[in-house]
2 protein chains.
Amino acid sequence: METERPDLGAMVMRLGRRLIAMEEPILARHGVTMWAYVVLTGLRDSPTRTQAALAQSIGADKTRLIPILDDLQKRGLIEREPDPADRRARLLGLTAAGTELHRAIQAEIRVAEAGLLKDVDGDAFVAALRALS
Amino acid sequence: METERPDLGAMVMRLGRRLIAMEEPILARHGVTMWAYVVLTGLRDSPTRTQAALAQSIGADKTRLIPILDDLQKRGLIEREPDPADRRARLLGLTAAGTELHRAIQAEIRVAEAGLLKDVDGDAFVAALRALS
DNA sequence: TATTGTTATACTCTATAACTATA
DNA sequence: TATAGTTATAGAGTATAACAATA
């Protein structure tokens, strides 16, 4: 039997805001926005794609991606070159610098997450969250 | 030891989007927006307040509240009358109809939530989520 | 003609600033 | 003068529509 509680949605949203507040200083210290970090993560997980496919995989609009990719490319964090086989498409991937930046940021985020999870059964929570998300 | 997994923030955001997608048809069927439902919930949890206090408690701007309150009042779901002791303030509360509408919506949401949680240890997940949020 | 990426535009959401009325 | 609520305005974020290059 379950006691009175807030809606799942309300709790998840509050936790989401808390996590963003936690991550934002880390991202800022490394000079990337949340979306830029999401892009780096997306490219690390699946390095070669068209921009449209990347946009869909991270849940963003393809037009929103463009200034983000422009910036990441200018800073040497991603590669972005026309596909020789179909010059309409752009092959995307992390550079060594991009890979390292992502690794560094994610490492800090993991430390912060561990601090948050230490009061609960973290493994069980993460397992359930993975199944639900 | 923890296996490779997405960031907590990414998973929580995905779950949040999933929950919103789940709730939206329920809310639409009852003719209320997400914010209107949040307002009803806020007033049920703590019936009497100023609009500014309500806004803060639900994490909204006070100016955003106004058209929502206008609509809820016009539909007879909330009471909103000047405080006799300080006529600048508006005393807010649910009407019987508002209480019943909120109850009906929340009941449907709980059913939908149960469907979602049936594949995981729901009680443990909710307990951890409460603690974290 | 269809598709990828891009640019230009419009729309939605949200917050800021200015105003009215009470105190 | 200070505060609650309201209205008007501006800003950020996002999506839609039009365009250029390639297939």
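These numbers were taken from a predicted model, which means no experiment stands behind them. Only heavy atoms go into these numbers, but all of them, side chains included; no hydrogens, no water, no symmetry mates.
Sorted by residue number, the members of residues 61-86 of chain A with any non-hydrogen atom under 4.0 Å from DNA chain C read A:Lys62, A:Thr63, A:Ile66, A:Arg80. Residues from residues 9-18 of chain B placing a heavy atom under 4.0 Å of any atom in DNA chain C do not occur. Taking every heavy atom of residues 27-36 of chain B and every atom of DNA chain C, pairs under 4.0 Å involve B:Trp35, by number.
Not counting sequence neighbours, B:Asp83 has no partner by the side chain to side chain donor-acceptor pair (under 3.5 Å) test.
Here the side chains of A:Met11 and B:Val126 are in contact, with some heavy-atom distance below 4.5 Å. Side-chain contact between A:Asp71 and A:Leu77: absent, with no pair of heavy atoms (C-beta onward) separated by less than 4.5 Å. Within the 4.5 Å cutoff, side-chain heavy atoms of A:Arg5 are placed close to those of A:Leu8. Between B:Leu91 and B:Pro84, the closest side-chain pair of non-hydrogen atoms falls below 4.5 Å. Counting heavy atoms from C-beta on, the side chains of A:Arg44 and A:Arg103 never come closer than 4.5 Å.
Although no hydrogens or angles enter the test, the distance criterion places no donor-acceptor pair under 3.5 Å between the side chain of A:Gln51 and the main chain of A:Leu65. Within the 3.5 Å criterion, the main-chain N or O of B:Gly76 finds a donor-acceptor partner in the side chain of B:Thr95. Between the side chain of B:Asp7 and the backbone N or O of B:Gly9, no donor-acceptor pair lies under 3.5 Å. In this structure a side-chain-to-backbone donor-acceptor pair under 3.5 Å is missing from B:Arg87 to B:Ala85.
Along DNA chain C, read 5' to 3', the first and last nucleotides having any atom under 4.0 Å from a heavy atom of chain A are C:dA2 to C:dT7.
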| side-chain contact (heavy atoms from CB on, under 4.5 Å) between A:Gln106 and A:Glu113, worked out | CA-CA 10 Å; A:Gln106 191 171 54; A:Glu113 288 178 352; over 6 Å; no
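Straight-line distance from the CZ atom of A:Arg87 to the P atom of D:dA20: 18 Å, rounded to whole Å. Put simply, CG on B:Leu54 is 12 Å from P on D:dT6, counting in whole angstrom units.
Separating the CD1 atom in B:Ile105 from the CD atom in B:Glu100 is a distance of 10.0 Å, to the nearest 0.5 Å.
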Please set out all donor-acceptor pairs under 3.5 angstrom arising from side-chain atoms of residues 24-32 of chain A, sequence neighbours excluded.
residue : atom : partner  : partner atom : Å
A:Arg29 : NH1  : A:Glu108 : OE1          : 2.6
A:His30 : NE2  : A:Glu108 : OE2          : 2.7

